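Report on the structure given below.
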Amino acid sequence: TQLSKRFRSVEISKPFWIGKYEVTQLQWQQLMIKNPSYFKGPYNPVEQVTLEGANLFCKKLTQIENDAGRLPDGYIYRLPTVHEWEFAAKGGVLSKHFKFSGSNHIDTVAWYLKNSEDHHHAVGMKKPNELGAHDMSGNVWELCIDSIDKNKTLFYKSKIYRHNHVDPVSLRNGVSYAYQGGG
């Protein structure tokens with residue numbers, strides 16, 4: 001990210017979970033009713049999702065999991081920050097420093113321009129990374145909570161931008177949001 005060029009390191013101080021797979025169209029439809037995806041398939045990742053839609057999905061999922069007693073107190077489902085996503089994609093503390101998420105050979109871990117036949121594929125069909133997360137180097141772009149400007153630079157409040165390397169997140173209404181991964 002642009003932030004990596006300005007800071008030597010970023011600290012993620014709080015533990016977080018990240019999905020093993022991209023959210024499927026079937027999972028999306030169970031909570032949101034309407035499937036916005038262009039490339040249809042129940043086990044394909046949902047795409048064409050707005051930030052508002054993603055946040056509503058997370059809110060509904062949090063409520064269902066809380067009501068069922070499957071979510072620890074204080075935990076919520078939400079989009080990851082760019083830095084959380086990047087940390088997970090790189091394999092977290094188990095990282096072997098691969099070029100792609102889980103391998104130095106893109107074909108083993110990603111659906112991309114040269115092997116996808118111009119469409120998305122069911123989640124989890126490629127090898128996972130060190131944390132067991134699939135499709136972080138390809139298939140569809142993954143939405144993060146951070147705001148970006150037209151130059152794809154993260155927005156930060158000036159005091160955070162200059163001084164805070166702990167849990168940075170860029171939130172600004174009315175702008176674009178960061179996508180990670182690949183499509």
Side-chain angles (χ1 to χ4, degrees), residues 1 12 15-72 75-96 98-146 148 176-183:
T1 67
I12 300 170
F16 67 96
W17 294 339
I18 198 155
K20 182 176 181 174
Y21 305 107
E22 296 161 319
V23 174
T24 67
Q25 293 174 34
L26 180 62
Q27 291 169 317
W28 183 270
Q29 281 185 271
Q30 288 173 337
L31 293 182
M32 305 297 285
I33 311 303
K34 185 179 178 191
N35 179 1
S37 301
Y38 179 78
F39 295 103
K40 302 291 187 193
Y43 302 106
N44 286 3
V46 67
E47 24 103 0
Q48 308 296 319
V49 173
T50 65
L51 179 68
E52 293 77 20
N55 285 332
L56 182 57
F57 176 86
C58 290
K59 184 177 179 180
K60 287 182 175 189
L61 186 57
T62 298
Q63 185 65 50
I64 288 168
E65 293 298 300
N66 270 333
D67 291 349
R70 293 187 292 254
L71 198 60
Y75 280 64
I76 62 167
Y77 284 88
R78 63 169 174 80
L79 294 173
T81 68
V82 165
H83 301 293
E84 289 168 339
W85 186 96
E86 187 175 305
F87 181 73
K90 289 180 177 180
V93 296
L94 303 176
S95 179
K96 295 180 183 169
F98 292 124
K99 184 175 181 179
F100 304 101
S101 183
S103 178
N104 287 325
H105 307 285
I106 193 168
D107 286 313
T108 64
V109 293
W111 296 109
Y112 68 109
L113 183 63
K114 291 185 178 179
N115 71 359
S116 68
E117 299 176 359
D118 292 327
H119 64 87
H120 305 128
H121 293 267
V123 302
M125 302 303 292
K126 295 289 187 174
K127 179 181 162 194
N129 73 1
E130 298 92 329
L131 296 175
H134 293 261
D135 301 313
M136 295 193 83
S137 290
N139 217 8
V140 296
W141 290 101
E142 297 169 4
L143 185 61
C144 294
I145 195 73
D146 297 89
I148 58 172
S176 297
Y177 290 86
Y179 290 86
Q180 297 286 46

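Numbering starts at 1 and runs along the sequence shown. Every value quoted in this text rests on a predicted model; they were computed, and no experiment measured them.
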Has [X] got more than 12 heavy atoms of other residues, nucleotides or ligands less than 6.0 Å from its [atom1]?
X	atom1	answer
Lys60	NZ	yes
Lys114	NZ	no
His119	NE2	yes

Side-chain donor/acceptor of [X] to backbone N/O of [Y], under 3.5 Å:
X	Y	answer
Lys96	Gly102	no
Ser116	Tyr112	yes
Asn139	Trp111	no
Thr62	Ile76	no
Gln25	Phe39	yes
Asp135	Tyr21	no
Glu47	Tyr38	yes
Ser101	Ser137	no

For the pair His134 and Val123, evaluate side chain to side chain contact (heavy atoms under 4.5 Å, CB included) and give the outcome as yes or no after the intermediate values.
CA-CA 7 Å; His134 293 261; Val123 302; over 6 Å; no
Pairwise distance [atom1]([X]) to [atom2]([Y]) - rounded to 0.5 angstrom:
X	Y	atom1	atom2	answer
Lys90	Trp85	NZ	CH2	9.5 Å
Asp107	Lys126	CG	NZ	6.0 Å
Tyr43	Gln27	OH	CD	9.5 Å
Ile18	Phe87	CD1	CZ	10.5 Å
Glu22	Trp141	CD	CH2	12.0 Å
Leu143	Leu79	CG	CG	5.0 Å

Go through Val49 and Trp28 one step at a time and tell me if the side chain to side chain contact (heavy atoms under 4.5 Å, CB included) criterion holds.
CA-CA 10 Å; Val49 173; Trp28 183 270; 3.5 Å; yes
Relative to each other, are the rings of Trp17 and Tyr75 parallel, tilted or perpendicular (30° and 60° limits)?
tilted
Do Leu31 and Leu61 pass the side chain to side chain contact (heavy atoms under 4.5 Å, CB included) test, and can you show the C-alpha distance, the side-chain angles, and the key distance before you say yes or no?
CA-CA 8 Å; Leu31 293 182; Leu61 186 57; 3.9 Å; yes
What closest approach, in Å, do [X] and [Y] show between heavy atoms, and which atom pair accounts for it?
X	Y	value
Ser37	Pro45	OG-O, 4.1 Å
Asn44	His120	ND2-O, 3.8 Å
Ser103	Thr108	OG-OG1, 3.0 Å
Asn35	Lys40	O-NZ, 3.0 Å
Asn129	Met136	ND2-SD, 4.2 Å
Ala133	Gly19	CB-O, 4.3 Å

